Amino acid sequence: MPEARISALRGALERLRATAILWRRSLALAMAAAPRQTLLLGGLMLVQAFLPLATLWAARGVVNAAARLLAAGTPGGGSAAAALGTWIGLAVVTIVVQQLLSPLFQAVQQSAGDRLTIFVNGEILAAAGRWRGLARFEDPAFADHLVTARSRAARGPVDLVAYGGRFARSLVTIAAMGAALSRLHPLVPFLVVLAAIPEALQANDFLQNMGIMLRVQSEEGRELGSYVDAVLGAEAAKEVRLFDLGNFFLGRYAATFGNMTGAQWALRRRLTGRMALARVLSAAVAAGVYLFAIHQVLGAGLTLGDLVFFGGALLQLQGALASAGFAVGLFAQVFTWLPSLFTVLDAGPDLPVPASPRPAPRP
């Protein structure tokens, strides 16, 4: 038993080391392709993580100031009206900043993604230029890596940076909203987080299994591409029309595509039910926390603004937890593709390279 535990620990440490290497190399590609955009994305994500808390705090101030103004019975002026105007101004500022940051973030992310995609594709082309022979293309295992690198893994570093930013932003939001909800009761954030763990685990399991399935189906994906090329490509156009092979390739395409989507649907159907049950648990805990907040407003001296603040913080915390779990699942999916990219990029020449090559003579 101890040997089994040691082996499991070694395996976990090895996976962690491999994951860290993928992260490091992906971030290095991002910084090489779009350094300014990558750094700007990090700053925007940090600001976006704290803005929801500022918006909720401003909303709390608006509700409490409005309640005091109504209780004072002086809607035309006074300090209560001035306080209400100040809080409304702060709320408007936070909302406007959120609305302005969203398109800016999308534009920067799109720019960084485009630059990184072009850069990675260029690295793939440069790697292929180092292969002077045909061995790489005739090896089925390497051919699968090459197809995966071209079709999915080329965007792997882009996705990893985007999902990594989303995960970091979610962690900051979780910490901020958890601290806010602890004012209601110290145990509230822990209960909400614990209730969200099963849903996060199910989402991670779903996305990881889907990524593994897509990786396994890469060979069938190459088959689909060959059928399309045979019918639409110029190279085989004469033979396909001479022997009337269009319907044959169409049938093979439909059968292969049906097998792939059937397996994917079976996996989705099996795992979606578990995710739904986990979400019911999370929703039940959230409802209990909200009822507790209402009880505190009615009997423990909290204000209506506090109810708005805690209710919003609860929704924000749940959303951040779901986003973090989704990002972790997407990490697992991307990590199933990224090794193919770096396998292609790291592949050296497949034929001996002379120390002092001589150019071919001119005709």
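A quick note: this is a predicted structure, and the numbers were derived from the prediction, not measured.
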**Prompt:** Can you get from L315 to W57 by hopping between Ile, Leu, Val, Met, Phe, Trp and Tyr side chains that sit under 4.5 Å apart?
**Reply:** no

**Message:** Would you say that L341 contacts I124 through its side chain, given a criterion of any heavy-atom pair below 4.5 Å between the two side chains?
**Reply:** yes

**Separation between CG of L84 and CD1 of I88, rounded to the nearest 0.5 Å** = 4.0 Å

**Message:** Within the structure provided, determine whether Q98 and P52 are in side-chain contact (heavy-atom separation under 4.5 Å).
**Reply:** yes

**Message:** Can you tell me which residue among V172, T94, T55 is in a side chain to side chain contact (heavy atoms under 4.5 Å, CB included) with F50?
**Reply:** V172

**Asked** With sequence neighbours left out, what residues match F310 under ring pair (Phe, Tyr, Trp, His ring centres under 6.0 Å)?
**Response** none

**Item:** Under the salt bridge (charged side-chain N to carboxylate O under 4.0 Å, His left out) test, residues paired with R169 that sit two or more places apart
**Value:** none

**Request:** Determine, stepwise, if the pair W87 / N64 fulfils side chain to side chain contact (heavy atoms under 4.5 Å, CB included).
**Result:** CA-CA 10 Å; W87 282 112; N64 286 338; over 6 Å; no

**Prompt:** Under 3.5 Å, is there a donor-acceptor pair between the S282 and Q318 side chains?
**Reply:** yes

**Prompt:** For V47, what are the other residues in its hydrophobic cluster, where any two members join if their side-chain heavy atoms are less than 4.5 angstrom apart?
**Reply:** L40, L41, L44, M45, L51, V93, V97, L101, L104, F105, V108

**Asked** Say you draw a straight line from OG1 of T38 to CG of L27; how long is it, rounded to the nearest 0.5 Å?
**Response** 8.5 Å

**Message:** To the nearest 0.5 Å, what is the distance between CG on L314 and CG on L181?
**Reply:** 6.0 Å

**Asked** If we only count heavy atoms from C-beta on, is the T303 to V63 side-chain gap below 4.5 Å?
**Response** no

**Any R25 side-chain heavy atom under 4.5 Å of D346 side chain** = yes

**Asked** Mind checking whether I118 and L345 sit in one hydrophobic cluster, side chains of I, L, V, M, F, W, Y counted as touching below 4.5 Å?
**Response** no

**Item:** side chain to side chain contact (heavy atoms under 4.5 Å, CB included) partner of Q296, chosen from L184, L291, D306
**Value:** L184

**Request:** Enter the distance from I21:CD1 to L338:CG here, rounded to the nearest 0.5 Å.
**Result:** 12.5 Å

**Prompt:** Do M31 and L39 have side-chain heavy atoms sitting under 4.5 Å apart?
**Reply:** yes

**Prompt:** L29 versus F342: any side-chain heavy-atom pair under 4.5 Å?
**Reply:** yes

**Note, L56 side chain near M177 side chain (heavy atom, < 4.5 Å)** = yes

**Prompt:** Side-chain heavy atoms under 4.5 angstrom apart, residues restricted to Ile, Leu, Val, Met, Phe, Trp, Tyr: same cluster for I95 and L53?
**Reply:** no

**R136, CZ atom: more than 12 neighbouring heavy atoms under 6.0 Å** = yes

**Prompt:** Between F292 and H295, how do the two ring planes meet: parallel, tilted or perpendicular, split at 30° and 60°?
**Reply:** parallel

**Message:** Distance check, rounded to the nearest 0.5 Å: Q110 atom CD versus T117 atom OG1?
**Reply:** 8.5 Å

**Request:** Verify the neighbour count for atom CZ of R130: are there more than 12 heavy atoms of other residues, nucleotides or ligands below 6.0 Å?
**Result:** yes

